[in-house]
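As structure tokens, the structure follows; a few thoughts come after it.
No experiment lies behind these values; they were computed from the predicted model shown. Each chain gets a letter, A, B and so on, in the order its sequence line appears, and its residues count up from 1.
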2 protein chains.
Amino acid sequence: MSVEAVAPTRPMRADARRNYEAIVRVAIEAFAEHGTNTSLDDIANRAGVGPGTLYRHFPNRDCLLEAALVDSRYELLALAERLLHADDADAALDEWMFALARHAGAWDGLADSIAQSLNREKSPLGASCGEVITATQKLLERASTLGTVTADATARELFIMAGSLAWAADRAARGNGRGSADDELPRLLSLLMRGLR
Amino acid sequence: MSVEAVAPTRPMRADARRNYEAIVRVAIEAFAEHGTNTSLDDIANRAGVGPGTLYRHFPNRDCLLEAALVDSRYELLALAERLLHADDADAALDEWMFALARHAGAWDGLADSIAQSLNREKSPLGASCGEVITATQKLLERASTLGTVTADATARELFIMAGSLAWAADRAARGNGRGSADDELPRLLSLLMRGLR
DNA sequence: GACAAACCGGAGACTGTCTCCGTATCGTCG
DNA sequence: CGACGATACGGAGACAGTCTCCGGTTTGTC
């Protein structure tokens with residue numbers, strides 16, 4: 001519908017691309033290590049660039065987060081494609097929710113960052129959640145018609161519930177002695193999924 | 001077991017008590033208005049004291065949060081007491097979880113603050129969650145023996161799930177058009193509670 | 001009314017965010 | 001190849017929030 005007004009976007013200059021990639025590479029490490037609230041100036045340092053360079057490429061934390069999640073989301077959407085052709089539509093939805101929760105729980109604070117960006121206009125992170133929610137929608141509809149799901153939850157609610165599960169699993173795991181979030185997640189997820197029937 | 005080594009704790013000086021109470025009063029307002037991450041120096045200002053005074057009474061944010069939640073938690077525990085004698089143990093647990101989620105969702109960021117403090121030793125906020133979790137335990141046991149609850153969730157998990165629901169309801173409500181968190185919460189809660197059966 | 005203990009409050013060190021602009025680098029064209 | 005314009009760099013620094021230290025003030029008591 002909209003005229004393809006994509007600017008010619010001449011390719012980045014070599015040094016710019018080099019820095020861009022270095023920043024994203026370091027950001028992935030830093031987010032994994034210290035959560036999504038780690039210092040951006042620190043990331044700039046570790047990437048060998050000044051803070052000005054980082055903020056030119058990524059005007060805010062969401063932009064950097066989005067860039068750091070591109071690969072992970074690509075894999076997620078590939079999984080959705082496969083699950084859409086699975087035999088068991090119920091099991092497919094289960095697996096999808098699990099994958100979603102693991103995605104959102106990969107870094108400390110990520111679920112929160114995603115959920116907040118979801119409600120903010122113009123957040124690149126929130127925008128790119130659109131396709132993931134669409135995928136959720138398709139899998140949910142399939143589990144409703146071919147499977148046994150009856151609850152009237154929206155895809156958006158399921159998406160957020162997945163984030164909320166990641167949040168809960170992380171909090172429940174820390175300090176319960178031995179368990180990790182990977183142990184908690186299936187337990188909590190099964191509680192939720194039984195509620196859909 | 002431990003010797004009651006409680007110091008005589010002579011009563012606070014009049015000006016100290018006055019400041020303490022002013023700070024807590026302002027803090028409740030500020031947390032409600034701007035979430036649990038609002039500026040503490042700002043609270044000190046609005047309470048008419050210097051930052052030093054605030055930090056002497058409340059060495060960190062958790063301590064202030066704890067003081068600001070005393071009344072609310074008191075009401076919560078009174079509700080638990082009542083629910084322990086309710087006829088329908090299942091409905092009692094439902095109502096308790098709802099109250100718990102509303103408590104944790106009262107201020108933006110509160111669920112997160114509580115969950116984090118829960119895993120940190122020496123946090124007064126986390127410590128005071130103990131009685132609430134104990135209350136949850138009793139209601140859960142009662143719903144297991146007298147009611148129909150069969151899932152093997154721990155009280156601690158339920159407590160965290162309540163926080164996670166508050167988190168999810170808040171995120172789902174913002175930006176879905178018209179709804180408020182109060183509309184979302186029952187929907188999400190019912191999904192969870194059906195999963196316990 | 002005077003003294004010691006308790007308490008106040010603001011200056012400021014420190015950390016993290018984000019911007020501005022003089023300088024350096026890149027790609028291209030003569 | 002050399003030079004020019006566009007593009008990009010990076011660090012100094014403004015700003016905001018956290019938290020501490022200590023000289024000065026207030027309170028309760030004898």
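In terms of polar N and O atoms assigned as donor or acceptor, the side chain of Arg61(A) never comes within less than 3.5 Å of the base of dT17(C) in a complementary pairing. For dC9(D), its base never sits under 3.5 Å from the side chain of Asp15(A) at any donor and acceptor pair.
One interatomic measurement links the two molecules: CG of Leu65(A) to P of dT17(C), which rounds to 13 Å at whole-angstrom precision. dT19(C) atom C1' lies 14 Å from atom CG of Asn60(A), rounded to whole Å. For the pair Ile43(B) CD1 and dG9(C) P, the interatomic distance rounds to 16 Å; values are reported in whole Å. For the pair Glu21(A) CD and dC9(D) P, the interatomic distance rounds to 12 Å; values are reported in whole Å. At whole-Å resolution of the value, CZ in Arg13(B) and P in dT25(D) are 14 Å apart. Rounding to whole angstrom units, CG of residue Asp41(B) and C1' of dG9(C) are separated by 12 Å.
A donor-acceptor pair under 3.5 Å is formed between the side chain of Ser144(B) and the backbone N or O of Leu140(B). Side chain of Asp62(B) to main chain of Ser123(B): no donor-acceptor pair is present (N/O by atom type, distance under 3.5 Å, no hydrogens or angles).
Nucleic acid contact class of Arg18(B) (heavy atoms, under 4.0 Å, all strands): sugar-phosphate only. Contact annotation for Pro51(B): base contact, defined as any heavy-atom pair under 4.0 Å involving a base atom. If you check every strand for non-hydrogen atoms under 4.0 Å, Asp42(A) touches nothing. As judged by a 4.0 angstrom heavy-atom cut-off over every strand, Asn19(B) is placed among residues touching the sugar-phosphate backbone only.
Note on Thr53(B): a side-chain N or O is less than 4.0 Å away from OP1 or OP2 of dG9(C). Side-chain N/O atoms of Arg56(B) include one lying less than 4.0 angstrom from OP1 or OP2 on dC8(C). Regarding contacts with the backbone of dT17(C), a side-chain N or O of Ser39(A) is found under 4.0 angstrom from either OP1 or OP2. Remark: His57(A) is not in phosphate contact with dA8(D), judged by side-chain N or O atoms under 4.0 Å from OP1 or OP2.
Using a 4.0 Å cut-off between charged nitrogen and carboxylate oxygen, Asp183(A) and Arg187(A) do not count as a salt-bridge pair.
Between the side chains of Thr36(A) and Arg61(A), not a single donor N or O lies within less than 3.5 Å of an accepting N or O.
The aromatic rings of Tyr20(B) and Phe58(B) are tilted relative to each other, their planes meeting at an angle between 30° and 60°.
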